[in-house]
Amino acid sequence: QVQLVESGGGLVQAGGSLRLSCAASGSIFSINAMRWYRQAPGKQRELVAGITSGGSTNYADSVKGRFTISRDNAKKTVYLQMNSLKPEDTAVYYCNADLVSPGSWRVYNYWGQGTQVTVSS
């Protein structure tokens with residue numbers, strides 16, 4: 001069974017750092033784009049950062065210069081390094097990825113279960 005499992009969330013003071021990880025497992029031929037989303041209480045889920053299989057990245061304006069997305073294709077893992085955290089970064093962070101199924105070559109979109117990030121002021 002294919003799944004994405006996040007880790008690395010927690011409680012941190014404003015100005016601090018956290019590193020999120022998301023590992024894909026199961027029957028996967030390859031992984032196309034990988035992304036991090038977040039959802040704060042009472043707000044819609046928003047895209048935080050994305051990275052293509054070739055390493056091209058994009059970021060939400062609110063996190064540019066503070067967050068860095070990266071990936072290790074051999075480990076089927078995507079990371080989100082979060083620096084200079086602010087209270088408004090508090091949210092549940094979700095991993096999302098486009099996974100290519102072996103044999104059928106079809107692309108399926110998967111979500112992780114989410115990891116809580118809380119930034120105290």
Side-chain angles (χ1 to χ4, degrees):
Q1 181 178 356
V2 175
Q3 58 179 347
L4 300 176
V5 178
E6 300 111 332
S7 60
L11 174 64
V12 64
Q13 288 189 332
S17 299
L18 282 175
R19 189 192 193 206
L20 304 183
S21 299
C22 171
S25 63
S27 183
I28 302 167
F29 176 75
S30 64
I31 305 176
N32 292 345
M34 304 184 82
R35 310 167 191 89
W36 287 97
Y37 285 78
R38 68 185 180 187
Q39 187 166 20
K43 294 188 176 181
Q44 289 188 330
R45 191 172 296 189
E46 64 173 352
L47 177 65
V48 175
I51 185 167
T52 68
S53 57
S56 297
T57 59
N58 64 283
Y59 297 92
D61 288 343
S62 59
V63 307
K64 281 181 181 176
R66 300 188 297 122
F67 291 10
T68 302
I69 189 170
S70 61
R71 62 191 285 170
D72 184 329
N73 291 328
K75 294 182 178 180
K76 298 178 182 175
T77 299
V78 63
Y79 306 96
L80 186 67
Q81 178 66 44
M82 305 185 294
N83 299 329
S84 302
L85 282 161
K86 305 175 181 179
E88 51 264 43
D89 294 319
T90 295
V92 178
Y93 283 71
Y94 296 91
C95 175
N96 175 268
D98 298 327
L99 309 180
V100 182
S101 176
S104 70
W105 306 96
R106 295 184 67 179
V107 180
Y108 296 89
N109 186 261
Y110 285 88
W111 289 89
Q113 81 286 354
T115 185
Q116 177 70 46
V117 171
T118 302
V119 184
S120 63
S121 57

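For this chain, numbers begin at 1 and follow the sequence in order.
- Contact annotation: the side chain of S17 approaches that of Q81 to within less than 4.5 Å [non-hydrogen atoms, C-beta and beyond].
- Contact detail for A60 and L47: the closest heavy-atom pair is CB-O, 3.5 Å.
- The line from CD1 of I69 to OG1 of T57 is 7.5 Å long, rounded to the nearest 0.5 Å.
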What's the verdict on side-chain contact (heavy atoms from CB on, under 4.5 Å) for K75 and S21, showing C-alpha distance, side-chain angles and the deciding distance? CA-CA 11 Å; K75 294 182 178 180; S21 299; over 6 Å; no
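- The two atoms that bring S70 and V78 nearest to each other are O-CG2, 3.2 Å, heavy atoms only.
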Could you go through D98 and R35, starting from their C-alpha distance and side-chain angles, then the distance that decides it, and tell me whether this counts as side-chain contact (heavy atoms from CB on, under 4.5 Å)? CA-CA 9 Å; D98 298 327; R35 310 167 191 89; 2.6 Å; yes
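- No chain of hydrophobic side-chain contacts below 4.5 Å, direct or via other Ile, Leu, Val, Met, Phe, Trp or Tyr residues, connects V107 to I51.
- Using a 4.5 Å cut-off on side-chain heavy atoms (C-beta onward), C95 and W36 make contact.
- Residues I28 and Y110 share a hydrophobic cluster, clusters being chains of Ile/Leu/Val/Met/Phe/Trp/Tyr side chains in contact below 4.5 Å.
- Considering all non-hydrogen atoms of both residues, A14 and S121 come closest at CB-CA, 4.4 Å.
- To the nearest 0.5 Å, atom NZ of residue K76 and atom OG of residue S30 are 9.0 Å apart.
- Counting only heavy atoms from C-beta outward, the side chains of L85 and F67 approach each other to under 4.5 Å.
- Judged by distance alone, the side chain of N32 and the main-chain N or O of A97 form no donor-acceptor pair under 3.5 Å.
- Taking all atoms of both residues into account, the shortest heavy-atom contact from T90 to V119 is OG1-N, 2.9 Å.
- Although no hydrogens or angles enter the test, the distance criterion places no donor-acceptor pair under 3.5 Å between the side chain of Q13 and the main chain of S120.
- Closest approach of L4 to Q113, counting heavy atoms only: O-OE1, 3.4 Å.
- In this pair, F29 and W105 present their aromatic rings perpendicular. The plane angle is above 60°, beyond the 30 to 60° band.
- Remark: side-chain polar atoms of T115 are not paired, donor with acceptor, to backbone N or O of Y93 under 3.5 angstrom.
- Between the side chain of R71 and the backbone N or O of T52, at least one donor-acceptor pair lies under 3.5 Å.
- By the criterion of side-chain heavy atoms lying less than 4.5 angstrom apart, applied directly or through intervening Ile, Leu, Val, Met, Phe, Trp or Tyr residues, W111 is grouped together with V92 in one hydrophobic cluster.
- Checked by atom type and distance alone, the side chain of Y79 never pairs as donor or acceptor with a backbone atom of D72 at under 3.5 Å.
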May I have the step-by-step check of side-chain contact (heavy atoms from CB on, under 4.5 Å) for Y108 and V2, ending in yes or no? CA-CA 10 Å; Y108 296 89; V2 175; over 6 Å; no
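- Taken from CZ in R19 to OG1 in T68, the straight-line distance is 10.5 Å, to the nearest 0.5 Å.
- In this structure, the side chains of N73 and I31 stay at 4.5 Å or more apart for every pair of heavy atoms.
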Report the C-alpha separation of L80 and R38 in whole Å, then their side-chain angles, then the decisive distance to 0.1 Å, and conclude whether the side-chain contact (heavy atoms from CB on, under 4.5 Å) test is met. CA-CA 12 Å; L80 186 67; R38 68 185 180 187; over 6 Å; no
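- In this structure, K86 does not pair ionically with D89, as no charged nitrogen and carboxylate oxygen lie closer than 4.0 Å.
- Cluster membership check: L18 shares its hydrophobic cluster with V63, using side-chain heavy-atom separations under 4.5 Å among Ile, Leu, Val, Met, Phe, Trp and Tyr.
- Q39 contributes no side-chain N or O that, together with a main-chain N or O of A91, makes up a donor-acceptor pair within less than 3.5 Å.
- The two residues L20 and G9 have their closest heavy-atom pair at CD2-N, 3.6 Å.
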